[in-house]
Number of protein chains: 2
Amino acid sequence: MAKKISMAVIRRLPRYYRYLSDLLRVDIKRISSKELSQRMGITASQIRQDLNCFGGFGQQGYGYNVESLYKEIGKILGVDRRFTTIIIGAGNMGNALANYENFKKRGFDLIGIFDINPNRVGQYINGIEIMHMDRLEEFMKNNVVDIAILTVPSHSTAEVAEKVADLGVKGIWNFSPQDLKLSHNVVIENVHLSDGLAVLGYRIKEQEQG
Amino acid sequence: MAKKISMAVIRRLPRYYRYLSDLLRVDIKRISSKELSQRMGITASQIRQDLNCFGGFGQQGYGYNVESLYKEIGKILGVDRRFTTIIIGAGNMGNALANYENFKKRGFDLIGIFDINPNRVGQYINGIEIMHMDRLEEFMKNNVVDIAILTVPSHSTAEVAEKVADLGVKGIWNFSPQDLKLSHNVVIENVHLSDGLAVLGYRIKEQEQG
DNA sequence: ATAATGATTTGAATTAATTAACAGGAGGAG
DNA sequence: CTCCTCCTGTTAATTAATTCAAATCATTAT
């Protein structure tokens, strides 16, 4: 096996996963690519092609077994494995993310929150105490931290990223508008909320005109 | 003109826009595709190809004029035009978005916040009063609302979306994990934060293994 | 049992996106 | 003024992604 799965497919997997989860909830046991395509608004062809990348879980004349497909995609995405995360920056966005229940369900355990603001330090978010950044190094030596979620102001993002990378983090989820690039082999996902908004604006303009 | 610009290109524009903005800030007047490619981590070819979609702003032997390119991309994205927005759902995420200064800079004016929780109604976020959902209809009849930002629980997303669509919104920025589909010709951008996190998890696993 | 149906698999064909190559204009040095 | 270098616009080549279509297997009905 081990034929390489393209990133385009990978980025669609969470979406499949979500839809399958919904199907499970309403107790639908099996589904054909055709019906799934109608629900998701993509072609049946693509679904079959995508799902085939990691071995045929479908059965001709039957469709896909929702549960096993769900599990399989989960396995590929790494839901069978748990990741520990910390949030750095307990501002509005950090706070929102810390309260986001979905992450835990998906295998991401928040084990620490850090901030530099003395007024925030000592407060609790979702049962987790906000620690001062001074304690970050100590904390990361005593705990395995897989992912650092950065919700700090742009100007300090690079510095903080360097630090957590040095301390052995495996991935960084960066919410600062500044793109992050590191020499370490740390996996980085930059989130740019306002980019999405800008695209929305473009599409609205487009629709108004054409 | 009017050769169609692909969505792949459009989705890259905000990124160009950001980098150009950074260049302006440090007073760099001109830039070549080559240098920009190094900064952004994409090929120079692609940059030239992209920028060419909307007419040659570059000059041979010189490069691109940062300021005029910045303005031009802004124009395409619709930064010259302002959009009014409302946030529905004043929970953690709604609160975070309401406090996000960047949106205003990019042409998006928040003019209303709505929630159903009586404890939240009447409070202010970033100078804007939280109104009860009961007042939404009235509000939208007295104000032009271009975009509704939905940060409500999944189970009520569809209903709220229908409502704002009926009331004449042009675009919806949906933060609920549930994908949104409407019959109206309202432009929808679904944001799925946890999808990004899932991909991060996948990439970490991938790197660990090989 | 057997035929008909429905839905996957597989691989080819098409379409889209990205990268590479190149011809030629603009700027700068001498 | 002339040459040389730089860097774009553009076309061509490559690679990736998506769709189509034939072959085939499970299920269901007769």
Side-chain angles (χ1 to χ4, degrees), chain A residues 1-16 19-20 23 28-73 76 199 202 206, chain B residues 1-16 19-20 23 28-73 76 195 199 202-203 206:
Chain A
M1 68 154 285
K3 71 175 131 182
K4 203 169 131 274
I5 302 175
S6 79
M7 213 50 195
V9 175
I10 296 296
R11 291 196 182 277
R12 274 194 293 269
L13 289 187
R15 188 135 182 279
Y16 287 123
Y19 274 86
L20 290 170
L23 291 174
I28 292 178
K29 304 281 193 220
R30 74 190 212 183
I31 190 152
S32 69
S33 58
K34 190 178 165 197
E35 195 189 335
L36 192 55
S37 83
Q38 284 159 355
R39 289 175 183 250
M40 295 183 66
I42 56 183
T43 67
S45 252
Q46 182 162 68
I47 291 176
R48 291 202 294 272
Q49 193 85 336
D50 283 353
L51 299 187
N52 239 69
C53 288
F54 22 89
F57 305 112
Q59 246 179 23
Q60 292 159 333
Y62 176 90
Y64 296 87
N65 179 307
V66 175
E67 189 173 352
S68 72
L69 186 55
Y70 177 77
K71 279 185 183 161
E72 204 55 43
I73 292 183
I76 292 161
V199 171
Y202 172 85
E206 194 180 41
Chain B
M1 68 152 285
K3 73 174 132 184
K4 201 167 134 275
I5 302 175
S6 79
M7 213 51 194
V9 175
I10 296 296
R11 291 196 182 278
R12 274 194 294 269
L13 289 186
R15 188 135 182 277
Y16 287 124
Y19 274 86
L20 290 169
L23 291 174
I28 292 176
K29 304 283 193 217
R30 74 190 213 184
I31 190 152
S32 69
S33 58
K34 189 177 165 196
E35 196 189 334
L36 190 55
S37 82
Q38 284 159 354
R39 289 175 184 249
M40 294 184 65
I42 56 181
T43 66
S45 237
Q46 182 162 69
I47 292 176
R48 291 204 295 274
Q49 195 86 327
D50 284 352
L51 300 187
N52 234 69
C53 290
F54 22 88
F57 300 109
Q59 249 179 19
Q60 292 160 330
Y62 176 91
Y64 297 86
N65 179 308
V66 175
E67 190 174 351
S68 71
L69 186 55
Y70 177 77
K71 280 185 182 160
E72 204 56 41
I73 292 182
I76 292 161
D195 285 11
V199 172
Y202 171 84
R203 291 176 55 204
E206 194 181 40

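Proteins get letters first, then strands, A, B, ... in listed order; numbering begins at 1 in each.
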> Could you pull out the closest heavy-atom pair between A:Tyr202 and B:Ile76, with the gap in Å?
CD1-O, 3.2 Å

> CD of A:Gln38 versus P of C:dG6: gap in Å, rounded?
14 Å

> B:Asn52 has a side chain; which of D:dT10, C:dT9, D:dT18 sits nearest to it?
D:dT10

> Can you tell which of D:dC7, C:dA17, D:dT11 lies closest to the side chain of B:Ser6?
C:dA17

> Nearest whole angstrom, please: distance from the P of D:dG9 to the CG of B:Leu69.
10 Å

> Does B:Arg30 make a side-chain N or O approach to OP1 or OP2 of C:dA26 shorter than 4.0 Å?
no

> Determine whether any donor atom in the side chain of B:Ser45 lies under 3.5 Å from an acceptor atom in the base of C:dA20, or the reverse, and answer yes or no.
yes

> Can you measure B:Tyr64 atom OH to C:dG25 atom P for me and round it to whole angstrom units?
17 Å

> What's the CG-P distance between B:Leu51 and D:dG9, to the nearest Å?
8 Å

> Between C:dT18, C:dA26, D:dT19, which nucleotide has the shortest distance from any of its atoms to the side chain of B:Gln60?
C:dA26

> Name the atoms and distances for all side-chain donor-acceptor pairs under 3.5 Å in residues 41-48 of chain B, with sequence neighbours left out.
unit_1, atom_1, unit_2, atom_2, d
B:Thr43, OG1, B:Gln46, N, 3.1
B:Arg48, NH1, B:Ser33, OG, 3.0

> Can you list the steps and then say if B:Ile31 with B:Arg39 is a side chain to side chain contact (heavy atoms under 4.5 Å, CB included)?
CA-CA 11 Å; B:Ile31 190 152; B:Arg39 289 175 184 249; 4.1 Å; yes

> Is a donor-acceptor contact shorter than 3.5 angstrom present between the side chain of B:Gln49 and the base of D:dT10?
no

> Applying the side-chain contact (heavy atoms from CB on, under 4.5 Å) test to B:Leu13, which of B:Ile5, B:Ile73, B:Asp50 qualifies?
B:Ile73

> On the nucleotide D:dT27, are OP1 or OP2 found under 4.0 Å from the side-chain N or O atoms that A:Gln59 carries?
yes

> Just how far, in rounded Å, is C1' of C:dT8 from CD of A:Glu35?
16 Å

> Please compare B:Met7 and B:Tyr62 by the position of their nearest nucleotide in DNA chain C and report the one closer to 5'.
B:Met7

> Does the side chain to side chain contact (heavy atoms under 4.5 Å, CB included) test come out yes or no for A:Met7 and B:Val199, once each step is laid out?
CA-CA 9 Å; A:Met7 213 50 195; B:Val199 172; 3.6 Å; yes

> I need the CZ-C1' distance between A:Arg48 and C:dG6, as an integer number of Å.
11 Å

> Rounded to whole Å, please give me the gap between CG in A:Asn65 and P in D:dT27.
12 Å

> Do the side-chain N or O atoms of A:Ser33 get closer than 4.0 angstrom to the phosphate oxygens (OP1, OP2) of C:dT8?
yes

> Within the structure, does a side-chain N or O atom of A:Thr43 lie under 4.0 Å from either OP1 or OP2 of D:dT19?
yes

> How close or far is atom P of D:dT19 from atom CD1 of A:Ile47, stated in whole angstroms?
11 Å

